[in-house]
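Below is one structure, written out as C-alpha cells, with a few remarks after it.
Letters go in sequence order (proteins before strands), and every chain restarts at 1. The analysis underlying the following values was restricted to heavy atoms, covering all of them including side chains, and did not include hydrogens, waters or symmetry mates.
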Amino acid sequence: MSDAPQRSQPTLSLHDSQRRATVPFEPINPEHVTVYYCGPTVYDLAHIGNLRAMLTADVLVRLLRHLYPRVTFVRNITDVDDKITARARANGEDIATLTQRTTQEFHADLAALGVLPPDIEPRATHNIGEMQAMIARLIDNGHAYEAEGHVLFSVGSFAAYGALSGRNPDELEAGARVEVAPYKKAAGDFVLWKPSDADQPGWDSPWGRGRPGWHIECSAMSHRYLGDSFDIHGGGSDLLFPHHENERAQSLCCFPGGRFANYWVHNAMLLVDGEKMSKSLGNFLTIRDVLAQAPAEALRLLLLGAQYRSTLNYTQAGLAEARRTLDRFYRALEAGGVTDAASAAPTDAPMPHGVLEALADDLNTPKAIAELHALADAALAGSHDAAVALRQGAGLMGLLRASPGEWFRGAASEGDDVIDALIAERLAARKARDFARADALRDELQAKGIILEDTREGTSWRRA
RNA sequence: GGUCCGGUGGCAGAAUGGUGAUGUAGCGGACUGCAAAUCCGCGUAUGUGGGUUCGAUUCCCGCCCGGACCUCCA
C-alpha cells in the first residue's frame, strides 16, 4: 500500500530444491548470512552455461547484501580433477600452469560481466588436509571404508541418502549407466579418496598416495569456512545429483550435529539455439566468444531475462534484443540527467520497491526488468528521480554500470574530433537547406558505424 | 526404462481460480526536410482431451511435445 513505510523490506522467498517448494528465507543468524556455491573446475575457458550459475549467485548475493547486514559468500576453485590432469597432458604443460591460467581467465571473464568476487575463494589443493580429516572421521564412524587403495562412502550407511534429489537408492542402482567398480560394496558408493600413480597429482595419506574424489572438496571447504550449518548452497541443476546429494551425505555423516545447507538453490540449464551446448554440435559458446560480439551487459541482461529456474534458450537474436533494451535504458538515464557511471554515484538512493519485491520473490529477474522499463518510461519523460531509481534498481542486478556516454560512444578516442567535424559540416549544410549534402555526410558517418540523433538541443551520436 | 521440470502472442518472457504484465518484432499516427530517437494508438497467445468448479490458462487425470538428471557437466 502507498502508506507503507519506504524502508520496509520485502520478505525474501527462495525455491528450496530439497523441499521442492518456494519458502520464506529464514537465516540461521540474521546478522550474518552464509552462502556456498560450487565454483569452476579450472581446465578450460568458462562457457555461458557456467556463467548462468555465477550470475544467479551474483544477483542472490547482491540482494542478500541489500537485505542483511553481513553476508559471507564462499565459492571454490576446483584445481584438482582428472579432467585437469588430462588437459594438462594434452597441452604439454604442467597442471599448475594450466590451473593458474584458467583461474585468471575465469576471474577476468566474470569481472567483465560485473560479477562481484566471492568473499572467500578457496582452492581444493589448499584444503587437502581438511578433506583427509573428514575422510578419516567418516571411516571412524562407519560411513566409509577402504578398498584397494580407495576410500569409499557407504551410501547404505546414511538413511537419508536420496532425500535431497528425491531419488530412491534402490532405483538408482537399477538405472546406473556406469559400470560398477569391483571394489565397491554397493553400486551407489562413491569415491572419497583414490590412489594416484606417478603421473597423477597426489598427496600422502593414511590410505597411500592419492587424490580426493570430487564431492569431498566442497564438503571440506564449506565446513572450514562456514561451519556445520550454513544458509544457502547453490549451483546448476545438473549438480543436484550426484554431487550435492553426495556432499550432503558426507557432511551430515561427518558432522551429525549440523544441518549442512538449509536452502538449496539450483539454476536450470541454458540451451543454445534450442539445443544443449556441446562441442560436437558446434554450439559451444565461451564467455569470450560472446563478448567478442556484444557488450558484457547485453549478455548479462539476456541471461537475467528468464527466471533462474526456467530453461533459457540463448540465441543471437536474443543477444541483439538485450543490447537494444540497454540502449533504451541508457537513453532513459541520459534523459533523466543521470550521466555519470554507477561507480561514481552516491549509493544512498532509495531502492525502487517494485524491483526489490520482484527479486525478493525467488529472484524474479524478468519481472524486475519489467519494473526497470516502467522507470525508464518515467525517466524518458524527464524524471530525474526515476532515472536515479532506474540505475539503483538495475544495480541490484549488476546492470547499467557504465555512464550513458561510455555506453553509446565508448571511451573518447582519436576519431572523435573527426566525427564532431563531420557533424558540424552536416549542420551547416542543413542550415543552408542543402539536404543532399547533409544526408551524404550522415551516410558517411553511418558507414563508420556512427548513428546520428537530431534533437532540439543539437545533434548527438552513438556507435551502432 | 526410472525420477523430475516445463509447454503462454512472430519471438523473448511474467502472472493468475474471475476482463493474460513487460519487452521486441509488425501495423497506423504524431514529431522530423528525411532519418534516428521519443511519444500515441492497434492487432495477435495459455500444446491437446477429459474432470472438479458458477467460472480453469491456473487445480486433478490421460495424451502429445520439449528439457534436465539417472555416479566426477553450471
Side-chain angles (χ1 to χ4, degrees), chain A residues 17 20 37-41 46-57 78 81-83 155 162 165-168 170-181 184 187-191 194 212-217 234-243 245-246 266-271 274-278 301-302 305-313 315 317-318 320-322 324-325 327-328 331-332 334-335 358 361 364-374 376-377 380-381 430 433-436 438-439 442-443 446 451-456 459-462 464:
Chain A
S17 304
R20 285 175 258 298
Y37 251 78
C38 293
T41 301
H47 58 70
I48 58 176
N50 301 126
L51 179 61
R52 191 178 194 196
M54 299 300 107
L55 281 181
T56 303
T78 297
D81 181 279
D82 289 353
K83 287 196 294 291
V155 165
S165 58
R167 279 156 212 274
N168 177 334
D170 301 332
E171 290 170 357
L172 287 176
E173 292 180 30
R177 65 180 173 186
V178 172
E179 201 176 327
V180 177
K184 288 188 181 182
D189 292 352
F190 56 90
V191 169
K194 53 188 170 184
W214 178 34
H215 316 296
I216 192 68
E217 57 169 282
S237 65
D238 49 353
L239 295 183
L240 180 57
F241 187 90
H243 183 51
E245 188 74 57
N246 292 355
H266 290 99
N267 57 279
M269 297 294 97
L270 182 69
L271 303 180
E275 292 179 302
K276 183 172 172 170
M277 256 195 300
S278 74
L301 180 65
L302 173 60
Q307 205 264 358
Y308 73 94
R309 286 189 294 114
S310 319
T311 305
L312 171 62
N313 187 20
T315 62
E321 182 179 331
R324 285 194 299 271
T325 299
D327 283 344
R328 176 178 151 82
R331 204 169 271 132
E334 211 161 38
D361 180 13
N364 193 336
T365 48
K367 195 174 186 185
I369 291 165
E371 296 288 337
L372 296 185
H373 277 288
D377 286 342
L380 282 164
R430 289 180 70 206
R433 302 197 66 79
D434 181 358
F435 295 121
D439 290 351
R442 184 169 62 198
D443 291 346
Q446 173 124 38
I451 295 169
L452 299 187
E453 294 183 4
D454 295 329
T455 67
R456 272 194 300 268
T459 298
S460 63
W461 62 271
R462 62 186 162 97

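Atom CG in Leu301(A) sits 5.0 Å away from atom CD1 in Ile369(A) (nearest 0.5 Å).
Here the side chain of Arg20(A) pairs a donor or acceptor atom with the backbone of Ser17(A) at under 3.5 angstrom.
Remark: Lys184(A) is not in phosphate contact with U71(B), judged by side-chain N or O atoms under 4.0 Å from OP1 or OP2. Within the 4.0 Å cut-off from OP1 or OP2 of A36(B), not a single side-chain nitrogen or oxygen of Arg442(A) is found. In this structure, Asn246(A) does not reach the C72(B) phosphate: none of its side-chain N or O atoms is under 4.0 Å from OP1 or OP2.
Map Asp439(A) and Leu312(A) each onto its nearest nucleotide of RNA chain B; the residue landing nearer the 5' end is Leu312(A). The 5' end of RNA chain B is approached more closely, in terms of each residue's nearest nucleotide, by Glu321(A) than by the other of Thr455(A) and Glu321(A).
Residue Gly166(A) is in sugar-phosphate contact alone, with no base atom involved, counting any heavy-atom pair closer than 4.0 Å across all strands shown. Backbone-only engagement by Ile451(A) is indicated by non-hydrogen atom pairs under 4.0 Å involving sugar-phosphate atoms exclusively. Asp82(A) comes within 4.0 angstrom of nothing in the nucleic acid, heavy atoms only. Gln307(A) comes within 4.0 angstrom of sugar-phosphate atoms only, judged by non-hydrogen atoms across all strands, and of no base. Counting non-hydrogen atoms under 4.0 angstrom, Leu372(A) reaches nothing in the nucleic acid. The residue Ala53(A) sits close only to the backbone: its heavy atoms come under 4.0 Å of sugar-phosphate atoms, none of a base. At a threshold of 4.0 angstrom between heavy atoms, the contacts of Ala317(A) with the nucleic acid are absent. Here Ser310(A) lies in heavy-atom contact (under 4.0 Å) with sugar-phosphate atoms only. Note on His243(A): nothing from the nucleic acid sits closer than 4.0 angstrom, heavy atoms only. Backbone-only engagement by Asn364(A) is indicated by non-hydrogen atom pairs under 4.0 Å involving sugar-phosphate atoms exclusively.
At least one side-chain heavy atom of Thr325(A) sits less than 4.5 Å from a side-chain heavy atom of His373(A). The shortest distance between side-chain heavy atoms of Arg328(A) and Asp377(A) falls below 4.5 Å.
Between the CG atom of Leu239(A) and the P atom of C69(B) there is a distance of 10 Å, given to the nearest Å. Asn313(A) has its CG atom 18 Å from the P atom of G6(B), to the nearest Å. Rounded to a whole Å, the CG atom of Asp238(A) is 10 Å from the P atom of A68(B). Taking atom CG on Leu240(A) and atom P on A68(B), their separation rounds to 15 Å, with Å as the unit. Protein atom NE2 of His373(A) is 11 Å distant from nucleotide atom C1' of A12(B), rounded to whole Å. A74(B) atom C1' lies 5 Å from atom CG of Asn50(A), rounded to whole Å. In this structure, CZ of Arg456(A) is placed 12 Å from C1' of C39(B), rounded to the nearest angstrom. Residue Leu302(A) contributes atom CG, which lies 13 Å from atom C1' of G23(B) at whole-angstrom precision.
Listed nucleotides A36(B), C73(B), U71(B) differ in distance to Lys83(A); the shortest reach to its side chain belongs to C73(B). Set against A36(B), A15(B), U38(B), the side chain of Arg328(A) has U38(B) as its closest nucleotide. Picking from C73(B), U71(B), G23(B) the nucleotide with the shortest atom distance to the side chain of Pro242(A) gives U71(B). Minimum atom distance to the side chain of Asp454(A) is reached by A35(B), of the listed U22(B), U38(B), A35(B). Taking only side-chain atoms of Leu271(A), from C-beta outward, the nucleotide of A36(B), G67(B), C72(B) with the closest atom is G67(B). With A74(B), A15(B), G67(B) as the choices, the nucleotide that has an atom nearest any side-chain atom of Thr311(A) turns out to be G67(B). With A74(B), U22(B), C70(B) as the choices, the nucleotide that has an atom nearest any side-chain atom of Arg167(A) turns out to be C70(B). Across C69(B), A37(B), A15(B), the shortest atom-to-atom separation from the side chain of Phe241(A) is found for C69(B).
Taking atom C1' on both U38(B) and A45(B), the two are 29 Å apart, rounded to the nearest angstrom. Separation of the C1' atoms belonging to G55(B) and G23(B) is 31 Å when rounded to the nearest angstrom. Taking atom C1' on both G66(B) and U8(B), the two are 15 Å apart, rounded to the nearest angstrom. With both ends at atom C1', the span from A21(B) to G13(B) equals 10 Å, rounded to whole Å. Between U24(B) and G41(B), the distance separating the two P atoms is 15 Å to the nearest Å. For U22(B) and G43(B), the P atoms lie 13 Å apart once the distance is rounded to whole Å. Separating the C1' atom of G18(B) from that of A56(B) is a span of 10 Å, rounded to the nearest Å. One P atom belongs to G49(B), the other to C65(B), and the distance between them is 16 Å to the nearest Å.
In the interface, the side chain of Arg430(A) is paired with the base of G33(B) through a donor and an acceptor atom under 3.5 Å apart. One N or O donor and one acceptor, one from the side chain of Lys194(A) and one from the base of C72(B), sit under 3.5 Å apart.
Between Glu217(A) and Trp214(A), the shortest heavy-atom distance links the atoms CG-O, 3.0 Å. Listed here is the closest heavy atom pair of Gln446(A) and Ile451(A): NE2-CG1, 4.3 Å. Contact record, Gly236(A) with Ala53(A): N-CB, 4.5 Å, taken as the closest heavy-atom pair.
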- Message: Under the criterion side-chain contact (heavy atoms from CB on, under 4.5 Å), I'd like the reasoning laid out for Lys194(A) against Asp82(A): C-alpha separation, chi angles, the key distance, then a yes or no.
- Response: CA-CA 11 Å; Lys194(A) 53 188 170 184; Asp82(A) 289 353; 3.3 Å; yes

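Salt bridge Arg324(A)/Asp327(A): absent, no basic N to carboxylate O contact under 4.0 Å.
Stems are defined here as 3 or more consecutive Watson-Crick or G-U wobble pairs with pairing distances under 3.5 Å; those involving RNA chain B are B:1-7 with B:64-70, B:10-12 with B:22-24, B:26-30 with B:38-42, B:47-51 with B:59-63.
Every residue two or more places apart in sequence or in another chain that forms a ring pair (Phe, Tyr, Trp, His ring centres under 6.0 Å) with His215(A) is listed here: Phe190(A), His243(A). Scored by the ring pair (Phe, Tyr, Trp, His ring centres under 6.0 Å) test, His47(A) finds Phe284(A) as partners (sequence neighbours excluded).
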